Participant: 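If you scroll down you'll find the structure; I have some questions about it.
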Amino acid sequence: MLNKKWLLTLIAILALLLTLVACSSSDTSDETTADETVAEETTDDETMAEDQSDDAAMEEESSGSAMDSEAAMVADEFFSQEQYDRSMRQMTMEAEGPADQPWIQMLEPEMIDTSEYAKEGPYTFCFSNAGVNNPWRVVGYTTMLAEVDLHPEIEEFIHVDAEGSDEKQISDIADLVAGGNCDVLIVSPNTTAALTPAVEQACEELPVLVFDRGVFTECPVSFIQPIGGYAFGQAGAQYIIDNCEGDCNVLALRILPGVDVLEERWAAAKIAFEGADNINVVGVEFGDGDNAKVKSIVTDYLDRFGHIDAVWMDAGATAVAALEAFEDAGADYPIIVGEDQQDFLVKWQENGLSGISPTFPTFQWRTPIIAGLHVMNGEEVPAVWRLPQPTITNENLDTYVQPNMPPLHYAMCGCEDMPGFPENWGGQ
Amino acid sequence: MTTAEQPILEVRGITKRFPGVVALNNVSAQFMPGEVHAVVGENGAGKSTLMKVMVGAYRPDGGEIIFRGEKVAFAHPKEAQEAGISIIYQEFNLLPDRTVAQNVFFGREPSRYGLVNQRELNQKTVEVLRELGAENMFQPTAPLHTLSVAEQQIVEIAKAIAFDSKVLIMDEPTAALSMTEVQLLTDLIDKLLERNLAIVFISHRFREVFDLSQKISVLKDGQYIGTLKTAETDANEVIEMMVGRPLDSYFPGLATPEEIGAVKVSVRNGSNDFLKNINLDLCAGEIVGVSGLQGSGRTELAQALFGVEPFHEGTVAINGKALQVNSPTIAIRNKMGFVTEDRKAEGIFPNQPIRDNILLTVRTLQALVKRISRDGVTGQPNLVSDLSHQVDVRASSSDQEVQYLSGGNQQKVVLAKWLASTAEIFIFDEPTRGIDVEAKAAIHEMIRELARRGAAILMISSELPEIIGMSDRIIVMWDGTIYGELPSGATESEIMKLATGHSNGNANGSNSE
Amino acid sequence: MSELTTTNNGPSTWQRFAARARSVNPIYVIMILLLLGVGYLNPRFLEVNGFLAFLRRAAPIMILTAGQLYVLVSGGFDLSVGSIVTLVVIGGALMIDNDPANTWWVILVLLAGGVVVGLVNGFIVAYLKVPSLIATLGMLLVLRGAGLYWSGGAPRGYLTDNFRIFGRGNIENLPLVDKFPYAVIVLAIVGILATYLFHRMVYGRQLLALGDNPRAAKLSGVRTNRVRILAFVISAVSAVIAGILLGGFSGVNIEAGTGLELQAISAAVLGGAVLLGGSGSVPAAMAGALALELLFALLNLLGLPKPLRDAVQGLIIISAVAYAALGTRRSK
Amino acid sequence: MTTVSLSNMQQRIRASQIPPVYAILVVVFVGAIIIDAIFGRGQMLSGPILTNMVVRSVALGIVAVGQTYVMIGASIDLSVAFMISVTAVLASFVMQGDPNKVLIAVVIVFLVGILIGLVNGLIITKLKVNPFIATLGVGLLLKGFLNASFTNFVGAVPASFQTLGYGEIGPIPVSILMLLGVALIGGFILQRTRYGAHLYGVGGSEEVARLSGLRTDRVLIMAHIICAITAVISGLFIVSRLRSGAPWVGPDGLYDLESIAAVVVGGTALSGGKGGVAGTIAGVLIFAILDTMFNQIGMDAFLKQFLRGAIIILAVASYTYRYKGEVA
């Protein structure tokens, strides 16, 4: 029996060591990435902090470690200085096209010829969707279906849902291509890297349009995306930096790693925070988009640090949960970065918060259908169809609050004038 | 058999200790080829431990084992088997979802480079079965679960001798067999003796011990008491050696006519998938013995009465009131109790304390949301301790989990469970199976005592002496019917004739004295 | 407990104390140690209000674990509870339809729905004889699909404040504590009821017998199907209650229940429940759930990243079960 | 004699062991074609769609073969999803797109997989931890290890390695041949080797196996190692399809629960001792047919999930409902 006990202990220790080793090794790799990608002022900040008093040093240390934790890390492949610069530039530009129809506006378009794909109607449009597994995608997909209905020349619209699995989406795309019915293939990739080969294969057979998340290939006829994650992340971070008085404890909440759109948001925010001297990022956490987790995380941080002055989020779905954590703890509302979801907008308006909502607009789901029809008509489309990315601020908040819409409806759907609104979107 | 031969297997001064117990203390014995050597003793006397030491399942703390003239120390039963000592355990050790051949050669399949040679496997199986005279009974490729219990026993023996065994150890091989099947086993053993095997045989059934063996060794409390030649001794002498004192009588007396009361259970034309046209009356105060071969419908009769596999046709009346006993719950509500054959699988709750085992049945009569009384029921707060005294459970406390009790004590707990439910009609299926002599007598006494207090009792048993010794009336089943009824005092041969479907003349395979 | 022994010298007080100490489920010790650890790092946890706030957060998983224990003791698993929680949150919001007046009947409908799901689970296991691992796995998919289909993939409608009060609200201005979470009251009621039913009522004993030896239970008169189905109903209803609290705590969310089933099973096992049935304790299982939550809080306070929490959870449940398994073998 | 040969023939048919799940497979396939013909585009029988249907089941099929082993051994493995992730991540991390590193990467992932299988087996057999908890725990450990070390897609496999996922030999994709190979070898070992016979024995009754002189622990540990190996193969296939590995590829594919469901639908009992690879492959194909049909008729994803759950329950119930004993 003694034997078994020892075995148990041994395995326990082994496993613990394994995890510790894994953890520490990842720390080292973090440092290198951080060094490579992030401006060098950080190190100076840290050395300065060490000279201060014990308590402050503790805080600074934890802030330093927060920015060095895995959650704060930005992988090389997800950061591109060029793209970052492009986003920053485009945020200040006026888009081409009608301002009241942002889904057909474009920024810095490089038009390409598509006459090789021109074809007589009626058309079959195929759509390989990463999933309709969150409200953003539900609103987007509903909007896309409404757009399809606007065009009688689209006779059939085949939608295949990958249910959030890369492997399934690869098979789905192969199925659609093999079926031979599709005139256009629209892809909203589940993850960037994984879907690249499948999209490449599809490109050989038919015109492909990619939107929402990207792929590592330029073979699609057009890649449709709003200005992008950098702009989103930077806008929120900059608002916090500008509106925070004195030294400011900031909690950064992310959904999950590895999605380029989300990685870019954090990368830009990280650069902004590290460039500001009034910001102390006390934590960077993944909340999985789960309200309960986010609420628990925020509550724990409030317990740990006493006060949190601002919350930066890479996606607004859990913004309300984060705010409720402050309410429940009896703390003052923080400066908050949310998104264009109605529950957040309503809360923002009701409580007169200091907030900002960069958006990743759901109106982009209309664009692929429109682009697809351009391609079918042999009309020019931009190789990269860069859509504008409006931001909701304290000033224009009232125009986006729609009490008749469900709480998780996204205001920036561009769907208000479409047939079936608001019922098809769950409104009343 | 000649005694001039050398023993093929010998144990000398074997001692085996478990924490707190000396299971074997300096035990010695010799086993001769061509001889059946019975080892008897009460439960806990050390029989099974001795067998396990011989095949290397346990390592002895002292003493030595001599096999074919050489000292051996097996690390695992497999080593013993490879050397030529096979063991058949009490419970079937077969795989129901595998074929006969896969079972016979399980663990030592004929193979090359790890690949099983299927043809050779089946061929060898047929050969082994032929040696046992069973090659025509079933195919080597038949899935085991399609075989009858007796056929499975043959597979078990085939498995043991498939190796070129010199010694075959059988731990209660007849426990699950009925009488004709025991006869089959006897024939098999004769065949094995022709091959000059030494057979070591553990049994609680004296009939078989005396029928089969040439020698009897007795163990008591881990001590070797002595070895007797079967031909020169009798049951009384052996029992005296086993328990250390003479037992006057196996069985309590029968019921007197005035003790037998009104009819408590009455079945008319009862039939279901297993039973045909059952007509049966059970009276208060009497013990009705049920005899019959395995598969004759004995257990099915019990299950039908108790509502486990109810009668589809016919009528059942309890205390004169006709009712459908479609579930054990209904049976229990009508004051029936069922002490099942397989205590481990059907009787006890191993991880629950004694008290909850005893009180379970009475609690099934209560509403699910009734508050429990820890050691009893409302009005009888000390029911557990009362009943434990009554059936004489030996345990340190009623908190003790039943898994830690001996078989006899577990059976007493099961009995107490039914006493707690204030049953008046009891069905006992093999009530003393695998229980040692002393506990057996105690249980027999308890059954009779129940009858004296006015309970109606149906007792199924494969042991004819038990049937004859206990029953006020004997019914014999054959092929799903009650084939005949005999008064108390019937002889074994009378019972056997009915049990084999022959009301007169020579019963095939019957075993007269 | 000496009524059965023939030789009874009466154990000394010290022996009795030692025996009782040994019989205390180690999970309580672990829980208290974790609480002290958390309290050392953040004294707020040891204050009444801080602790109550923590209990409020832990209440859903503790309730879920109490319900899961019933199924575990019967010898089964209930993997569908996470989906039930999600369905409660989504369905609650849909049915309430932003009108606080609907809350009360919606809660009743949700509870009734829980009963139905439990009945179906139990029916599939008890009558169709599908092993519960598979039956409730299937039910997990069915409910998740149903919930999402019903709502079209995104919840519609808010959970009104009077619905959320159970998971989020406090009774204010009490003496001693200035606020007392409703969730803790719900937790206490459910905990006491579940404990009482399991440990003090006939049903608990029948359930233990069923899990320990189903065949023997049937032959002893236990209506096994009824007892088994009731266990699934209790589990499903506890999941509904947990869902109401969780929805109250965190609002509308389609991820609300994801992964909770495995966490509840782990917690019950930490509390000494034996998989495949026959042994378990409601308070210990709930303590297991609380200990798990405390552990997460501790790791968070230590600043350990989330991935390590998974690893530590894995390590701890393996160790706990191994410890119990080796322990029982030793005592045999 | 005639009766003997007749019964012999019957037994041969029984011994040829076409699992009953094939009846369900045929029904589902025919049903899917009919439904597709009515509501879909009637393309189910076209070559590319059929091929793709099988390719769809490669990753699940391979790991389900391994899951069959542990489940025949009356165990279960919930850690396969994370093993797949570990393999995918580690392989692409080591390869870094360099064809020369393929071999070393493959060796490493197999060693790691075998180690994990060994740990699973040791915890279950030596520490006597219930396999459900043991592999759940190991899965959590792997998850922690993965997420602590890698938060993204890391590295990449070289294009040559992607032949595994996308290559074709003649008209047949390499991946299908790989599934076929794993299934055949898996089935062969179970049906024709001593080890297979022993595994059935250990699953049927550990007691019997032990008393028959088997080292049951080793047999079961081996089953877990085999399962881990199939998870590694599956992971390599997935990473070759995805070009790069990420920690979530395994759990996102639900390979743990789906492989168990496929095995059980294929007729292997949770209680062990019977079943086989042939049934499992049929179970996997049933899921693939349903998936393809749902895609073809444009079924709502949520309804799909609903139906998948219902079908798992019904398929298993079709074997079990006649059983008389108690099931938990």
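Below, read A as the first sequence line, B as the second, and so on, with proteins coming before strands; counting in each chain starts at 1. Bear in mind that the values here come from a model prediction, so they are computed numbers and not experimental data.
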Participant: Counting only heavy atoms not in C:Tyr127 (residues, nucleotides, ligands), do more than 12 fall under 6.0 Å from its OH?
Facilitator: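 No, not enclosed.
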
Participant: Just wondering, do C:Arg223 and B:Thr364 contact through their side chains at under 4.5 Å, heavy atoms?
Facilitator: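 No, every pair of side-chain atoms sits at 4.5 Å or beyond.
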
Participant: Would you check, one step at a time, whether the test side-chain contact (heavy atoms from CB on, under 4.5 Å) holds for C:Met201 with B:Ile372?
Facilitator: CA-CA 5 Å; C:Met201 282 189 163; B:Ile372 56 168; 5.5 Å; no

Participant: Which atoms of B:Thr361 come close to chain C, meaning under 4.5 Å heavy atom to heavy atom: side chain ones, backbone ones, both, or neither?
Facilitator: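 Both parts, backbone and side chain.
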
Participant: Are the side chains of B:Lys417 and C:Ser220 in contact, using a 4.5 Å heavy-atom criterion?
Facilitator: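 With C-beta onward as the side chain, the pair touches.
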
Participant: Under 4.5 Å heavy-atom distance to chain B, tell me which part of C:Leu230 shows up: side chain, backbone, both or neither.
Facilitator: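 Answer is side chain: those atoms of C:Leu230 sit under 4.5 Å from chain B.
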
Participant: Can you tell me if B:Arg333 has over 12 outside heavy atoms packed within less than 6.0 Å of its CZ?
Facilitator: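 Atom CZ in B:Arg333 is packed in, count exceeds 12.
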
Participant: If you count heavy-atom pairs under 4.5 Å between each of B:Phe306, B:Phe349, B:Trp418 and chain C, which one has the most?
Facilitator: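 Among the listed options, the one with the most contacts to chain C is B:Phe349.
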
Participant: Is it the backbone or the side chain of B:Val369 that comes under 4.5 Å from a heavy atom of chain C, or both, or neither?
Facilitator: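 Both the backbone and the side chain of B:Val369 come within 4.5 Å of chain C.
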
Participant: Check whether more than 12 heavy atoms from other residues, nucleotides or ligands sit under 6.0 Å from atom NZ of B:Lys344, and answer yes or no.
Facilitator: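 Not buried by this count: 12 neighbours or fewer within 6.0 Å.
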
Participant: Between C:Leu208 and chain B, which part of the residue has a heavy atom less than 4.5 Å away: side chain, backbone, both or neither?
Facilitator: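 Contact with chain B involves both backbone and side-chain atoms of C:Leu208.
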
Participant: How many angstroms lie between atom CG of C:Leu219 and atom OG of B:Ser327, to the nearest 0.5 angstrom?
Facilitator: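 Here the interatomic distance stands at 11.0 Å.
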
Participant: For the residue pair C:Val202 and B:Gln366, what are the closest heavy atoms and their distance?
Facilitator: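 Shortest heavy-atom contact: CG2-OE1, 3.1 Å.
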
Participant: About how many Å separate CG of B:Asn357 and CZ of C:Arg205, when rounded to the nearest 0.5 Å?
Facilitator: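 So the gap between those two atoms works out to 11.5 Å.
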
Participant: Are more than 12 heavy atoms from other residues, nucleotides or ligands located less than 6.0 Å from atom CD of B:Gln324?
Facilitator: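 Incorrect, the count does not exceed 12.
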
Participant: Could you walk me through whether C:Tyr203 and B:Lys370 pass the side-chain contact (heavy atoms from CB on, under 4.5 Å) test, one step at a time?
Facilitator: CA-CA 8 Å; C:Tyr203 177 65; B:Lys370 183 174 165 53; over 6 Å; no

Participant: Between B:Gln352 and C:Ser279, is there a donor-acceptor pair closer than 3.5 Å when you use the side chain of the first and the backbone of the second?
Facilitator: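 Such a contact is absent between B:Gln352 side chain and C:Ser279 backbone.
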
Participant: Over all heavy atoms of both residues, which pair between B:Gly347 and C:Ala216 is shortest? Give the atoms and the distance, please.
Facilitator: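 Nearest pair, atom of B:Gly347 first, then C:Ala216: N-CB, 3.8 Å.
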
Participant: Return the option, out of B:Asp392, B:Leu359, B:Val308, B:Leu368, with the maximum number of heavy-atom pairs under 4.5 Å with chain C.
Facilitator: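 Highest number of pairs under 4.5 Å: B:Leu368.
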
Participant: Of all of C:Asp212, C:Asn213, C:Val227, which one pairs up most often with chain B through heavy atoms under 4.5 Å apart?
Facilitator: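 Winner by heavy-atom pair count: C:Asp212.
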
Participant: So, C:Gln206 side chain and B:Leu360 main chain: donor-acceptor pair closer than 3.5 Å or not?
Facilitator: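 A pair under 3.5 Å: no.
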
Participant: Examine whether an atom of B:Gln303 lies under 4.5 Å from a heavy atom of chain C, and if so say whether it belongs to the side chain, the backbone or both; otherwise answer neither.
Facilitator: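 When you check distances to chain C, only side chain atoms of B:Gln303 fall under 4.5 Å.
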
Participant: Side chain, backbone, both or neither: which part of B:Ala367 has a non-hydrogen atom closer than 4.5 Å to chain C?
Facilitator: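 When you check distances to chain C, only backbone atoms of B:Ala367 fall under 4.5 Å.
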
